[in-house]
There are 2 protein chains.
Amino acid sequence: MKPVTLKQIAEQLGISVTTVSKALKDYPDVSKKTKKLVKQLAETLNYKPNSFAVTLRTKESKTIGLIIPEVVHHFFSNVIKGIIAQAEKKGYLVIILQSNESYDLEKQQIELLLSKRVDGVLISLANATGDYKHLNDLIAQEVPLVMFDKIAKIVNCSKVIINDRKAAYTATKHLIDIGCKRIAHFRGPLLPQNSIDRFLGYKQALIDHNITYDPSLVYICDCSVKSFEEGKQSANQLLKDHTNVDGIFINTDLVAIGAMTEFQKNGVRIPEDIAIVGFSNWFMSSVISPTLSTIDQPGYQMGKEAFKLLYKEMKSKKQNLPIEYKTVELETGLIKRESTKKN
Amino acid sequence: MKPVTLKQIAEQLGISVTTVSKALKDYPDVSKKTKKLVKQLAETLNYKPNSFAVTLRTKESKTIGLIIPEVVHHFFSNVIKGIIAQAEKKGYLVIILQSNESYDLEKQQIELLLSKRVDGVLISLANATGDYKHLNDLIAQEVPLVMFDKIAKIVNCSKVIINDRKAAYTATKHLIDIGCKRIAHFRGPLLPQNSIDRFLGYKQALIDHNITYDPSLVYICDCSVKSFEEGKQSANQLLKDHTNVDGIFINTDLVAIGAMTEFQKNGVRIPEDIAIVGFSNWFMSSVISPTLSTIDQPGYQMGKEAFKLLYKEMKSKKQNLPIEYKTVELETGLIKRESTKKN
DNA sequence: CTGAAAGCGCTTACAG
DNA sequence: CTGAAAGCGCTTACAG
């Protein structure tokens, strides 16, 4: 059963393809009678326009591409959900690609999307991405691009972010407020802007509260799929290196949970001996024991905002209006739980 | 900067579009010299074939649709990951749609995919889906379809599943083996095959071990996004209704974790007072306290297998070979953890 | 070895 | 109010 075409409808009705096409799209210069006949037949034959033919003519695929480092991830899956919900509202479909934190894959995937002629691209960078030629190529080809969460400041496009620095500052200050004197930091990899910013927020909070910054208290976690394991390792290493750490601000919840597991195994009490603040508010953090204090990162909303920005750009492009790049900053909040409840 | 077309390459080289097209595709009837010239120019101009024109001619979009009840979900996000990884290998792109457990949305999304002329569809049914006309329409239009995890036995297509009944039997038997005498079941909604099968497996295990099946010990959880809350509610209700329950087999981990939280709040010890087995092996289950015994459900592998089956069908269709429907059953395993560690 | 021609299914400017 | 024609960018059977 081959799909029905305009031609078939035209033939059955003894009119031209042109008229059928116009009738279905409610052009004003088609008689009511014809419109009715055409629409009825289209309905009974279950006619669906061939989207590829339409795209070829109109140059609009009504499809966008989404490149994301990791799908199995509480934060990112919320972003995905926000994006597809918003895209659906506007009649757009979303092709999802996973970069696996690899620069090479990310690059290839941009190529793929380019050749698929998507109307726009949404991306959160891989940890390994330090070169932005592939993104600038996209922009040069006038494909609307919006970056979210893991962005590159240097790339000239719209962005949706949180203020990582401020949030990290808040998290660290919370540890100071409850009386921690020697605060460590498990940071993310070196490249991504947000792990840099979180580190800087941590450092600034220490300085502002007269606590000497000690580089030996900063541990790097690659935060790949193995986050949980890395948290355990860093916790272990920290126990070997230091005896007087009483608080840790950790780059992401999954690493924090790994660390907590390891500390508990070694008889370190949380929060009595070491208080911990994570980042991202994964659902898990609210059900483990002790529950984990963390920073709430609005994934769903970020997805929605990112699509909205992209939609505006796609619309402007279609109307040949100038495109202005915007950066939307979403609010985060400190969530206090048992892992920082002293006294 | 408009995308480069074959015509432009042809004009610059002073040859025909036909020859350019053939040269790029390494047709044997084009001279080596011409091929080289064409390929070089295509490279420098960064030529990418317009996929919509290609599709319009070849009737192959190299894109498949995926409809899934929920994206923010440990099991399903693993399935997604498996699908896009496998699809990418074979040069297919994946459009993801979320049905939100709604039958109406699911139906609309099938329509959408149909009009987008995807080469195939992968689906896991919404809880609310009890009518299968939309799926049979797809099949009637000869669009390859593979169902996974949440399937309808009655629909005639390929499927990837686990043996829910057997797995539930194993889980319940484990409770019996550690000495539980009065075992409750928190089941999923009424419609989906897998919550039915898990219930049946539970019941069968009781019968086979001379434990009277008591319907008042079966609680229904809708297992929507609110799973965690439902687990809490059912746990609470159970404490009101019964005093001698010593084991529960729970339809999914998230519900189980909600239940555990509530039991602990009420001073019920796990596993001493009540032992618990969940289902699906969410990552979370390995880090909460006590760790949760559960059934391992291979999400990533299920995604891979589902795409593989779909790929075969798409290939057969292209070659006009008959399509044979297959059902692949994946292995599950019981994972014993603290929540069932008696003595 | 090369290219003119037809056609995939649609849209739209234009003529009548 | 209707329709012939051109064209989107590609592929491929056919002729030379």
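Letters A, B, ... are given to chains in the order of the sequence lines, protein chains preceding strands, and every chain is numbered from 1.
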- request: Please lay out, stage by stage, how B:Lys150 and B:Thr129 fare under the test side chain to side chain donor-acceptor pair (under 3.5 Å).
  value: CA-CA 10 Å; B:Lys150 291 167 69 179; B:Thr129 299; over 6 Å; no
- prompt: Within the side chain of A:Glu70, is there an N or O that forms a donor-acceptor pair under 3.5 Å with the backbone of A:Glu101?
  reply: no
query: With the threshold set at 4.0 Å, does a side-chain nitrogen-carboxylate oxygen contact exist between B:Lys159 and B:Glu329?
result: no
Protein-nucleotide distance (A:Leu13, atom CG; D:dG3, atom P), rounded to Å: 10 Å
Pairing of B:Glu60 and B:Lys318 as salt bridge, 4.0 angstrom limit: yes
- prompt: Is there side-chain contact between B:Ile95 and B:Leu66, with at least one heavy-atom pair below 4.5 Å?
  reply: no
query: Taking NZ, NE, NH1 and NH2 as the nitrogens, is one of them in A:Asp137 or A:Lys107 under 4.0 Å from a carboxylate oxygen of the other?
result: no
- request: Looking at every strand, decide which applies to A:Thr19 at a 4.0 Å heavy-atom threshold: base, sugar-phosphate, or nothing.
  value: base
field: Sugar-phosphate only, base, or nothing, as touched by B:Thr34 at under 4.0 Å among non-hydrogen atoms
entry: sugar-phosphate
task: Verify the contact: side-chain N or O of A:Ser16 to OP1 or OP2 of D:dG3, cut-off strictly under 4.0 Å; return yes or no.
output: yes
field: Note: B:Lys62-B:Asp119 ion pair, threshold 4.0 Å (strictly below)
entry: no
Would you list the protein and nucleotides 6-10 of chain D atom pairs, both N or O, that sit under 3.5 Å from each other?
residue	atom	partner	partner atom	Å
D:dG7	N2	A:Arg57	NE	3.4
D:dG7	N2	A:Arg57	NH1	2.8
D:dG7	N3	A:Arg57	NH1	3.3
D:dC8	O3'	A:Lys59	NZ	2.7
D:dG9	OP1	A:Lys59	NZ	3.2
D:dG9	N2	B:Ala53	O	3.4
D:dC10	OP1	B:Tyr47	OH	2.6
D:dC10	OP1	B:Asn50	N	3.2
D:dC10	OP2	B:Leu6	N	2.5

message: Checking side-chain contact (heavy atoms from CB on, under 4.5 Å) between B:Ile323 and each of B:Glu142, B:Lys315, B:Glu313, B:Lys312, which is the one that passes?
response: B:Glu313
message: Below 30° counts as parallel, above 60° as perpendicular, anything between as tilted: where do the rings of A:His73 and A:Phe75 land?
response: perpendicular
message: Please find the pair of heavy atoms, one from A:Gly120 and one from A:Val143, that lie closest to each other, and give the distance.
response: CA-CG1, 3.9 Å
- prompt: Reckon A:Ser31 touches a base, only the sugar-phosphate, or nothing at all at heavy-atom distances under 4.0 Å?
  reply: sugar-phosphate
message: Let's test your reading of the pairing rules: Watson-Crick or G-U wobble, both distances under 3.5 Å, then write DNA chain D as a dot-bracket string with ( ), [ ], | and dots.
response: |||.||||||||.|||
Using nucleotides 14-16 of chain D, report all nitrogen or oxygen pairs with the protein that are shorter than 3.5 Å.
none

Side-chain heavy-atom pair A:Glu305, A:Leu309 within 4.5 angstrom cut-off: no
- prompt: What's the CD1-P distance between A:Ile9 and C:dT11, to the nearest Å?
  reply: 11 Å
- prompt: In whole angstroms, how far is the P atom of C:dT11 from the CG atom of A:Leu24?
  reply: 8 Å
